[in-house]
Amino acid sequence: MTRASTLRLSLLITAALVTACASPEEGEPPRNDSPAADVQLLDWSAQMAVRDGWLDTRHEMLLPMMRRHDVEMWIVVNEEFHDDPLTEYIAPARPYTGRRDVFVFVDAGSDGLRKVAATGYWEETVARYFESPIDPRPSADVLRELYETHRPARIALGFGGSRGMTRSLTHDSYQFLADAMGPEAEGRFVSAGPLINEYLATRIPAEFHVYTDLVALTEAITKRALSSEAITPGTTTVGDVRRFMYDELWRAGVRTWFQPDLRVQRRGMAEVGSRGFLAVAPENIVLQHGDLVHVDFGISYMGLDSDWQKMAYILHPGEDDVPEGLKVAMANTNILQDALMLRASRPGRTAGEAYRLTMEEMEEQGITAQVYSHPLGNHGHGLGPSIDFRSAGRSDVDARPLVEGAYISIELNTKTAIPEWDGQEIYVMAEDPAHLTPEGWRFFRPRQEAWYLIR
């Protein structure tokens, strides 16, 4: 790409990003209106243009990453109707239906990063980023030629990692690569796991404003779901609220990466646990006055995912606010957030250090707490350091340093005895996307400090 064309593309991307964040009075072009009056999202064509610009930045980062991980060739295979989870982040975010498309990145030494796409069908946008002839050659021939030309010592593939994004290569695709490139090349196949971890865990500045809009939309739908618009005490079921949220996703033109989950706590109700947490409520539970309703919800937009948890109280007739004990319970969770975000976490400090410092402070304050925070970004359960009781003490996870600019789900809970409920203990669970600054984590949207009230 020439310097002039790069500049033109940069200006287009900047304009699209400004449009994404502009208010209606500023005269943006037609877009899909979201369910929230102040949150509007880009049309799909504009989304693709912006993401193409992000891809320029990602490809610029790739060669240094490959060299850090001692990788001389990286191959991603995308199968028709069985997309590899990496494809939309290493190639233009388009549908690929070419039986088997192969994307190859080669460290060509002094010539820099070589990018080759061996696809079933030519696509103009792909050809802007990869060597891709308009009359595609058989991918097996391309792979064999690339190996013979560059003789890479280590060829990284999507197997052997600990997460789905790092072990997505199918058996048949592996066999295809081995047959195409020959037994000598197969002997040089290694796991791309460490490279993929760094690639997907790295956030780029241009994503920030789009992600902020994504979180705002997540908040807007959640507030509507935890309100009298969606909930009528004595009539509405847990399943009704879940379906309300699905329908709002449809109206917004976005999707979710997991089903909206609800948990219900009620005076006198026995606690039901699941894998160390309060269990998700069955869909047939009818919501009643005095219930505590918790929602766990996330949105997918432009290759980014949010994750969000909030709590509501259904007022009894004549009530105007929650009992004082519930206010104390909410405050305990805010204290836990402050300990983790403002005091325990700093760039360069390890995830294990942040976890231990947080829990030491909770012990000093006599607060029963759990922390299970995880990276966010391209996936709701993203790659990178997790600050999580389940990984505490594991050297492979605990020792990972926190990286400035990273996104995380500040996911945690406290358990507090409620005097008005005869000492029954209740959970206040919270989850908010945040980004790491030199002074600690900062939320994308203000946290919850008071219960949502449903009348």
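Sequential numbering from 1 along the given sequence is applied to the chain's residues.
Side-chain contact between P282 and V238 is absent, with no heavy atoms from C-beta onward closer than 4.5 Å. Between S306 and L376, the closest side-chain pair of non-hydrogen atoms is not below 4.5 Å. W441 places none of its side-chain heavy atoms less than 4.5 Å from the side chain of Q337.
Residues T237 and D240 bring a donor and an acceptor atom of their side chains to less than 3.5 Å of each other. Judged purely by distance below 3.5 Å, without hydrogens or angles, the side chains of N78 and D83 pair a donor atom with an acceptor atom. Remark: the S409 side chain and the S373 side chain contain no N/O donor-acceptor pair separated by less than 3.5 Å. With 3.5 Å as the limit, one finds no donor-acceptor pair spanning the side chains of Y313 and D291.
Every pair passing ring-ring contact (aromatic ring centres under 6.0 Å, His included) that includes a residue from residues 220-259 is listed here, sequence neighbours excluded: W257-H381. Applying the salt bridge (charged side-chain N to carboxylate O under 4.0 Å, His left out) definition to pairs two or more places apart or across chains, those involving residues 418-436 are R267-D422, K310-D432, K415-E425. Residues in residues 277-290 take part in these salt bridge (charged side-chain N to carboxylate O under 4.0 Å, His left out) pairs, two or more places apart or across chains: R242-E283, R243-E283.
Residues S173 and R100 approach most closely at OG-NE, 3.8 Å, considering heavy atoms. Scanning all heavy atoms of the two residues, the minimum distance from V371 to I387 falls at CG1-O, 3.3 Å. L143 and L177 make their closest contact through CD1-CD2, 3.6 Å (heavy atoms, listed as atom of the first residue, atom of the second, distance).
For H209 and F444, the ring centers sit 6.0 Å or farther from each other. Taking the six-membered ring for Trp and the full ring otherwise, the centers of F130 and F105 sit less than 6.0 Å from each other. Taking the six-membered ring for Trp and the full ring otherwise, F389 and Y355 have centroids separated by 6.0 Å or more. A centroid separation of 6.0 Å or more is found between the aromatic rings of Y89 and Y199. The aromatic ring centres of Y427 and F277 sit 6.0 Å or more apart.
Under the 6.0 Å distance and 45° angle rule, R167 does not count as a cation-pi partner of F159.
In this structure, the salt bridge (charged side-chain N to carboxylate O under 4.0 Å, His left out) partners of R343, at least two apart in sequence or on a different chain, are E361. Remark: D388 pairs with R390 by the salt bridge (charged side-chain N to carboxylate O under 4.0 Å, His left out) rule, at least two apart or across chains. For E439, there are no salt bridge (charged side-chain N to carboxylate O under 4.0 Å, His left out) partners two or more places apart in sequence or in a different chain.
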Please report the C-alpha distance between D52 and R94 in whole Å, then the side-chain angles of each, then the deciding distance to 0.1 Å, and finally whether the salt bridge (Lys or Arg N to Asp or Glu O under 4.0 Å) criterion is met.
CA-CA 10 Å; D52 288 349; R94 303 290 194 278; 3.1 Å; yes
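With salt bridges taken as basic N to acidic carboxylate O contacts below 4.0 Å, none links E353 and R356.
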